[in-house]
Asks: 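This is the structure I have questions about; it appears just below.
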Amino acid sequence: MTTEQTESTYRNPVLNADWSDPDVIRVGDDFYLTASSFGRVPGLPLLHSRDLVNWTLVGHALERLEPEGEFAAPRHDRGVWAPSLRHHDDRFFIFWGDPDQGIFQVNAPGIRGPWTRPHLVKAGKGLIDPCPLWDEETGEAYLVHAWAKSRSGIKNRLTGHRMHPHGTELLDEGKVIVDADHIPGWFTLEGPKLYKHDGWFWILAPAGGVETGWQGAFRSRAFFGPYEERVVLEQRDTDVNGPHQGGWVRTPSGEDWFLHFQQRGAYGRVVHLQPMRFDTDGWPVLGDDGAPVAVHRRPDLPAQPPAAPATDDDFPGGRHGRQWQWTANPREGWATQHSADGLRLTCVRSADAHDLRKLPNVLTQRLPGIPCTVEVELRLDGGEPGARAGLVVLGDAYRWIGLQRDADGTVHLVHRFAEAVAERERDADRSRPAPGGRVRLRVEIGAGARCRFSADTGDGFRPSGQVFAAAPWRWVGALLGLVALAPTGQGPAGAATFTRFRISTS
């Protein structure tokens, strides 16, 4: 979904979907961005832009989550938290915190890889939001990170380390360099990004929580402090709640810009672009004197054609596009490559077939942040009674529509849902026959992520069930998903083929 723009202006958000906890760098004339991916696979998305407004998804840096067994089932609140992207010594580096394992790092000679396997830089519980810095003036390297209270009992402080210049290990036990318990009114300090500028060490870090917080800036002449602080971006009288956690980047002409997220419920954390300047005291000023901008002059960069991360997919040769992620580490045989178009998903047998939230074999992409219509065509080839497949809006509560094969071999339309507190899904509508095991599925998603489901089994689209308000996970926005499954049993249960996946906006 491209951002609304003219030749001279852009409108926020520039990435109107759940690209959580963004970080950004410039290498030459190219800008690169990564974001949290939590328990989805592949992880660490990599986006590219030439103008900071139009972005495309060019790959992922993390092929699988480790250890393998820990992510064999969905872990939506674990995995990759708040990565930092840097370029040093002709290599790209990404550091992130897994709140249950510690701080990891991967690196590559180019943004498209090949990326190394994850290297554990510091083991421990609750170590999150790491960011490295290579001081080009002194040759020293540093790392700062925050803390997750849910795992460590610690929050609201930042810990700093000296780091080996190779980025593989830390050289000391660490020291608290910012304790926000000592700053009146500050709480939940996290998400630090570390920079060196104009002789100062800078930490740009949010506080106050994702729903209502603010962006802070800290500076010191020495890495280990002491630091002074200021609030540099807050909601004020705008409709951008909790504007914070992101990255600072400078263009070739010397303009400064800041990319950050806004929490939008079921839509997740959408990404805004703010102008940035330094005042007469040397402090950064973000947005319109510290308030988020909705529309602004475009960066002083060469004009680029409108672009956005892909959503539509014809699945050529049975392969899905980069925008899709599994809800856990995938296993061989879930998707079958072939010579025609269409995604052929195996009807995976599972004891959890009654609850899609527990399934690792749901193929997902982000829910667009604007009203849209989602359509896909489905053919159910699974011959096993109970084999089924469909299109799902997945979150803490979910709803899906698709096809299921009966014991007598006939196929019918099903529409099911599960509330957040429910352990099993229930029917959302009465079933109807689907001749030939084929159907066109549609979800119309309106304001507030309210979803209307319908299906065409050969006589035109007919509505099904009640309106459903999409729900987020704990840290993740709602997801669009494709799934094929079957109850437990012996032998293959067949497959389902999805074609012509489309997302259109009005």
Side-chain angles (χ1 to χ4, degrees), residues 20-21 23 35-39 43 65-67 69-71 73-84 95-105 118-133 142-163 169-194 203-218 220 223-227 229 231 242 244-246 261 263 269 396 420 472-476:
S20 179
D21 312 317
D23 194 25
S36 295
S37 50
F38 300 96
L65 288 163
E66 298 183 7
E70 291 293 318
F71 295 96
R75 299 285 187 269
H76 299 289
D77 62 344
R78 295 176 56 185
V80 177
W81 283 25
S84 291
F95 287 70
W96 75 93
D98 179 316
D100 299 293
Q101 299 184 70
I103 295 169
F104 287 90
Q105 175 252 94
H119 172 77
L120 185 61
V121 178
K122 181 183 180 182
K125 296 280 189 180
L127 309 177
I128 59 169
D129 309 348
C131 184
L133 172 71
Y142 305 94
L143 183 134
V144 63
H145 70 81
W147 295 86
K149 185 177 181 180
S150 60
R151 271 70 164 189
S152 65
I154 302 170
K155 65 177 289 189
N156 209 32
R157 66 187 63 167
L158 306 179
T159 296
H161 293 265
R162 293 189 183 277
M163 183 176 71
E169 60 181 310
L170 304 179
L171 303 179
D172 56 33
E173 294 300 313
K175 175 185 176 182
V176 175
I177 57 177
V178 178
D179 187 344
D181 285 348
H182 296 158
I183 306 175
W186 284 59
F187 61 96
T188 316
L189 178 65
E190 57 187 350
K193 294 293 181 281
L194 180 60
I203 299 174
L204 300 183
V210 298
E211 297 284 357
T212 58
W214 58 90
Q215 177 67 37
F218 300 80
S220 174
F223 171 70
F224 286 104
Y227 283 84
E229 85 286 337
V231 175
H244 67 286
Q245 190 149 332
F261 77 72
Q263 172 69 39
R269 299 173 179 182
D396 195 35
W473 301 93
R474 186 176 182 189
W475 307 121
V476 182

Asks: Roughly how far, to the nearest 0.5 Å, is NE2 of H182 from CG of N156?
Replies: 10.0 Å

Asks: When rounded to the nearest 0.5 angstrom, what distance separates CG in D100 from CG in D77?
Replies: 7.5 Å

Asks: Could you tell me which non-hydrogen atom of G43 sits nearest to which non-hydrogen atom of S37, and how far apart they are?
Replies: CA-OG, 3.3 Å

Asks: Angle class for the F104/W96 ring planes (parallel below 30°, perpendicular above 60°, tilted otherwise)?
Replies: parallel

Asks: Does atom CD of E173 have more than 12 heavy-atom neighbours, drawn from other residues, nucleotides or ligands, at distances under 6.0 Å?
Replies: no

Asks: At what distance, to the nearest 0.5 angstrom, does CD1 of I103 lie from CG of L120?
Replies: 8.5 Å

Asks: What pair of heavy atoms forms the shortest contact from F38 to H76, and how long is it?
Replies: CB-O, 3.6 Å

Asks: Looking at D98 and V80, would you say the former's side chain and the latter's main chain have a donor-acceptor pair under 3.5 Å?
Replies: no

Asks: C131 and side-chain contact (heavy atoms from CB on, under 4.5 Å): which single residue from I203, L204, L194 fits?
Replies: L194

Asks: Do you know the tightest heavy-atom contact between F187 and G209?
Replies: CE1-N, 4.4 Å

Asks: Determine, for D396 against R474, whether the closest basic-nitrogen to carboxylate-oxygen distance falls under 4.0 angstrom.
Replies: no

Asks: Report the distance from atom CE of M163 to atom OH of Y142, rounding to the nearest 0.5 Å.
Replies: 10.5 Å

Asks: Judged by atom type as modelled, is there a donor-acceptor pair below 3.5 Å linking the side chain of S36 to the main-chain atoms of W81?
Replies: no

Asks: Please identify each residue that fulfils salt bridge (Lys or Arg N to Asp or Glu O under 4.0 Å) with D21, with sequence neighbours left out.
Replies: R269

Asks: Specify whether F218 and W186 have parallel, tilted or perpendicular ring planes, treating 30° as the upper limit for parallel and 60° as the lower limit for perpendicular.
Replies: perpendicular

Asks: Taking all non-hydrogen atoms of both residues, which atom of K193 and which atom of G246 are closest, and how far apart?
Replies: CG-O, 3.1 Å

Asks: Treating Q215 as the side-chain partner and Q245 as the backbone partner, does any N or O pair qualify as donor plus acceptor under 3.5 Å?
Replies: yes

Asks: Please evaluate residues I183 and L189 with respect to the criterion side-chain contact (heavy atoms from CB on, under 4.5 Å), reporting the C-alpha separation (whole Å), side-chain torsions for both, the decisive distance (0.1 Å), and the verdict.
Replies: CA-CA 10 Å; I183 306 175; L189 178 65; 5.7 Å; no

Asks: Backbone N or O of H145 within a donor-acceptor pair of the D129 side chain at under 3.5 Å?
Replies: no

Asks: Quick one: are W475 and V210 in side-chain contact, heavy atoms under 4.5 Å?
Replies: no

Asks: With E70, which residues qualify under salt bridge (Lys or Arg N to Asp or Glu O under 4.0 Å), at least two apart?
Replies: R78

Asks: So how far is it from F224 CZ to R162 CZ, rounded to the nearest 0.5 Å?
Replies: 5.0 Å

Asks: Does the side chain of F95 come within less than 4.5 Å of Q105's, by heavy atoms?
Replies: yes

Asks: Grab the two heavy atoms, one from L158 and one from A205, that are nearest each other, plus how far apart they are.
Replies: CD1-CB, 4.4 Å

Asks: Might you point out which heavy atoms bring G191 and A146 nearest each other, and give the distance in Å?
Replies: N-CB, 4.1 Å

Asks: State the CG-CG distance between L133 and L143, to the nearest 0.5 angstrom.
Replies: 9.5 Å

Asks: Give a yes or no answer on whether the side chain of Q101 reaches the backbone of E66 with a donor-acceptor pair at less than 3.5 Å.
Replies: yes

Asks: When you compare the side chain of P132 with that of S84, does any pair of heavy atoms fall below 4.5 Å?
Replies: yes

